[in-house]
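Since the structure comes first, as structure tokens, the remarks are kept for the end.
In what follows, chains are A, B, ... by sequence order, proteins preceding strands, each numbered from 1.
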Amino acid sequence: MDHNLGQESVPADKSRVLNVKPLRTLVPVFPSPSNPSSSSNPQGGAPFVAVSPAGPFPAGVAPFYPFFVSPESQRLSEQHAPNPTPQRATPISAAVPINSFKTPTAATNGDVGSSRRKSRTRRGQLTEEEGYDNTEVIDVDAETGGGSSKRKKRAKGRRASGAATDGSGVAAVDVDLDAVAHDILQSINPMVFDVINHPDGSRDSVTYTLMIYEVLRRKLGQIEESTKDLHTGAKRPDLKAGNVMMTKGVRSNSKKRIGIVPGVEIGDIFFFRFEMCLVGLHSPSMAGIDYLTSKASQEEEPLAVSIVSSGGYEDDTGDGDVLIYSGQGGVNREKGASDQKLERGNLALEKSMHRGNDVRVIRGLKDVMHPSGKVYVYDGIYKIQDSWVEKAKSGFNVFKYKLARVRGQPEAYTIWKSIQQWTDKAAPRTGVILPDLTSGAEKVPVCLVNDVDNEKGPAYFTYIPTLKNLRGVAPVESSFGCSCIGGCQPGNRNCPCIQKNGGYLPYTAAGLVADLKSVIHECGPSCQCPPTCRNRISQAGLKFRLEVFRTSNKGWGLRSWDAIRAGTFICEYAGEVIDNARAEMLGAENEDEYIFDSTRIYQQLEVFPANIEAPKIPSPLYITAKNEGNVARFMNHSCSPNVLWRPIVRENKNEPDLHIAFFAIRHIPPMMELTYDYGINLPLQAGQRKKNCLCGSVKCRGYFC
DNA sequence: CCGCATCAGAGGTAT
DNA sequence: ACCTCTGATGCGGCG
């Protein structure tokens, strides 16, 4: 937590800054806090307060943040009203009609969004009751185009997934996937659809689309594996989730376009082909070449739009800015190999070359964290320089295209290449101060890097990989853990740990959090399952090759050499558990900038407001990482964070083992800073200690605690 | 650990 | 109806 208290402040006494030694004894040296307005912070009482955007807010507490306002209007409201009264932050019933879910009937989907938007606008002017009554609910099922043959009876009505959380802890046997998807879509903040349905994409629309896809995909996968023997469930959750999104029109940039795609940034990464489809980057669910037909482009000839290079055709080239791409065709399921023809994608590439058109390039790479899977890196705009025909090994003709990256674009694929070189020791990582600041305390080294200025490192602290809890925590209901000798199995309805999580394992097979549940119940000391149990994700230590680096204006920060998938556990907040009084004292006097305070309110995911309830955390948790801590102490604040924390309770007879775990909330490309929302203490008083926020996001609210 | 084969799939285009 | 640089899984070979 390297708050920068004004970059103008003078760095602390440099003589105290370490230069050698095991970094186990690194201790932070902070510029003396220049925030005089510290006042006592009466935050007692309220246990963890997580304000759902939909409220309700704690008595006497006003929302500090206009949750339901679009980024644009939000900026305005912040400019004009320092203490914004959220005009639209009215409570919304749990069941929100998804009135924007008109299935695009016309194949030319460009205008669908606008018509939908219009209806939404009109709706926005209705009174609250009218706006949320159910008369206009569109039955999602009635509109389901494909996959209807698979639909079963909806015995449980709209709450098929309710079985997962009804407290019985028993997963429903008869789970209707469409009903589950329906429920998830229903739980989405309607504001999100206003953003998504805009014909032109935006960063928000892309982010929301991907978040919804993730939740759908993981939920469907979770159901699938827990009901495997019953032949219900989607074998390919990625496809099923994508199909649902397409059918319901939950997608961005549905109109194909040449060149940049609004809201999709160079360097963005994807883990499924469908993700790129849903945000309008590359539509085909499998094919490598996307193109506009002559009809769609109103031209005489087809034109290429984007290509995915997945290495399937040996497209290797040493240069990160040049790509040799093979055409499509020449393989037939039954008839085997043949010559490729100048048609479809091949023809489109040819025409694009002659016109000198932009072509988007996505590079598919092997995902080192998940060797079976791939990661797709959007590498920006290329132009086709050359094309020719080659004889492939099979003896048949293959089209080849040489593409060169347009200059002046942000780095993307080359970052991956650099990291690979550092890994292979083919090139040194410059600016390394320490190769491993954990001194071996973690399984993976965490290097300390500064290629910005002359700071030699953070001040002394002791690196500890996990939480130190000297005082007992108030007991929750007694539990004695599970007896899953070989590890907890998805379908096991008798496992008490699975029951505590509502009938499903909280983590997917890939180790991602399946849900946005407020509290995660992991197996713990009183369980008989092995450390490799899938329900012990947060106990396995660091997996990613993290580095603590010097930011340009926020002191030290944290980032990763490895790409991090949304939903992945990153690390816990290690440190020393302290009590409320001590936390208040240290915090109020600005003696400790490394306090984690579970009572701080932070912006919840605005996509699923109704999904978020106040976590039933046994008691408020205060942790200081000033003298002892792990990598989490270096994570900076952002108002548009890419990381989120969740409380984790580990089964431990009468002594609940409470931890704070950090998860990625979106895909994070390598070397992008990891940040979470520190939140603020409530009630927020004028002049209360606040820190100026430097996150630079358009959603920046200006301060945090 | 790695490649290979298998196979059910999806959207979009072509017919 | 046809096409496709998927993605999960299982097998056999490799060192």
Side-chain angles (χ1 to χ4, degrees), chain A residues 103-104 106-110 144-147 149-150 177 213 216-217 220-221 224-225 228 231 233-249 251 253-256 270-297 301-316 323-338 340-341 343-349 361-368 370-377 392 398-401 403 508-510 565:
Chain A
T103 305
T108 54
N109 21 24
T144 310
S149 58
K150 275 194 181 169
L177 292 184
Y213 177 74
L216 265 178
R217 208 197 87 248
L220 296 179
E224 196 267 324
E225 69 172 6
K228 220 170 223 160
H231 296 286
K235 285 183 194 114
R236 288 280 303 269
D238 58 321
L239 296 184
K240 178 64 188 172
N243 170 261
V244 169
M245 303 273 289
M246 294 297 264
T247 312
K248 306 294 186 286
R251 55 188 295 197
N253 297 301
S254 57
K255 185 151 185 151
K256 235 184 237 189
F270 306 88
F271 290 83
F272 291 94
R273 288 288 300 263
F274 235 115
E275 295 180 311
M276 298 186 280
C277 181
L278 290 168
V279 301
L281 185 64
H282 186 85
S283 334
S285 54
M286 300 181 78
I289 306 171
D290 193 9
Y291 58 97
L292 284 166
T293 60
S294 49
K295 201 173 167 185
S297 62
E301 42 202 27
L303 294 170
V305 163
S306 55
I307 59 168
V308 176
S309 167
S310 292
Y313 285 83
E314 301 167 355
D315 304 326
D316 250 340
L323 176 68
I324 307 297
Y325 191 78
S326 303
Q328 61 187 188
V331 280
N332 187 294
R333 211 102 130 188
E334 290 101 33
K335 287 183 270 186
S338 61
Q340 289 188 347
K341 298 195 192 77
E343 57 184 24
R344 297 173 181 264
N346 299 347
L347 182 61
L349 285 172
V361 167
I362 298 109
R363 292 181 180 256
L365 310 168
K366 195 164 81 172
D367 181 5
V368 287
H370 289 276
S372 63
K374 277 197 189 120
V375 52
Y376 297 96
V377 183
V398 174
F399 282 90
K400 291 280 183 177
Y401 301 89
L403 295 98
T508 69
R565 246 170 102 165

Would you kindly give the CZ-to-P distance between A:F272 and C:dT6, to the nearest whole Å?
-> 13 Å

Nucleotide nearest A:K235 (side chain, heavy atoms from C-beta), chosen from B:dG12, B:dG9, C:dG7 | B:dG9

Most 5' of A:V331 and A:P237 on DNA chain C, judged by nearest nucleotide | A:V331

Under 4.0 Å between a side-chain N/O of A:Y376 and OP1 or OP2 of C:dC5, yes or no?
-> no

Scanning both residues in full, the closest heavy-atom pair of A:R565 with A:A510 reads NH1-CB, 4.4 Å

Closest heavy-atom pair, A:Y376 versus A:S310, reported as atoms and distance to 0.1 Å, is CE2-OG, 3.6 Å

Starting at NZ of A:K240 and ending at C1' of C:dA8, how long is that distance when rounded to a whole Å?
-> 18 Å

Taking only N and O in the side chain of A:S310, is any of them less than 4.0 Å away from OP1 or OP2 of C:dT6?
-> yes

Looking for any heavy atom pair under 4.0 Å, which part of the strands does A:R273 touch: base, sugar-phosphate only, or nothing?
-> sugar-phosphate

Nearest-neighbour nucleotide for the A:M286 side chain, C:dG7, B:dG9, C:dC5 considered = B:dG9

Looking for any heavy atom pair under 4.0 Å, which part of the strands does A:G373 touch: base, sugar-phosphate only, or nothing?
-> nothing

Would you find a donor on one side and an acceptor on the other, under 3.5 Å apart, between the side chain of A:Y291 and the backbone of A:L347?
-> no

In terms of the nearest nucleotide of DNA chain C, which residue is placed more toward the 5' end: A:F271 or A:G330?
-> A:G330

Taking all non-hydrogen atoms of both residues, which atom of A:V305 and which atom of A:K256 are closest, and how far apart?
-> CG2-CD, 4.4 Å

Side-chain touch A:R344/A:I289, heavy atoms, less than 4.5 angstrom | no

Rounding to a whole Å, what distance do you find between A:L220:CG and B:dG9:P?
-> 14 Å

Value in whole Å for how far the P atom of B:dG12 lies from CG of A:N253 | 13 Å

Spacing between A:R236 atom CZ and C:dG7 atom P, to the nearest angstrom | 6 Å

Name the closest nucleotide to the A:S372 side chain, picking from B:dG11, C:dT9, C:dT6.
-> C:dT9

Quickly work out the A:M246 CE to B:dG9 P distance and round it to whole Å.
-> 18 Å

Is the shortest side-chain N/O distance from A:N243 to OP1 or OP2 of B:dG9 below 4.0 Å?
-> no

Could you tell me the separation between the CD atom of A:E224 and the P atom of C:dG7, rounded to a whole number of Å?
-> 16 Å

Can you name the nearest heavy-atom pair linking A:Y213 to A:A241, along with the distance?
-> CE1-CB, 3.8 Å

Using only side-chain N and O atoms of A:K374, determine if any of them is under 4.0 Å from OP1 or OP2 of C:dG7.
-> no

Name the closest nucleotide to the A:L239 side chain, picking from C:dC3, B:dG9, C:dC5.
-> B:dG9

Distance-minimising heavy-atom pair for A:L281 and A:F270 | CD2-CE1, 3.6 Å

Where A:A392 and A:V398 come nearest, the two heavy atoms and their spacing | CB-CG2, 3.4 Å

To the nearest Å, how far apart are A:K248 NZ and B:dG11 P?
-> 11 Å

Protein-nucleotides 13-15 of chain B N/O pairs closer than 3.5 Å?
unit_1: B:dT13; atom_1: OP1; unit_2: A:K256; atom_2: NZ; d: 3.0
unit_1: B:dT13; atom_1: O3'; unit_2: A:Y291; atom_2: OH; d: 3.2

May I ask whether A:F274 stacks on the base of C:dT6, given the cut-offs of 5.5 Å between ring centres and 30° between planes?
-> no

Paired to C:dC5 by Watson-Crick or G-U wobble criteria (both distances under 3.5 Å) is none

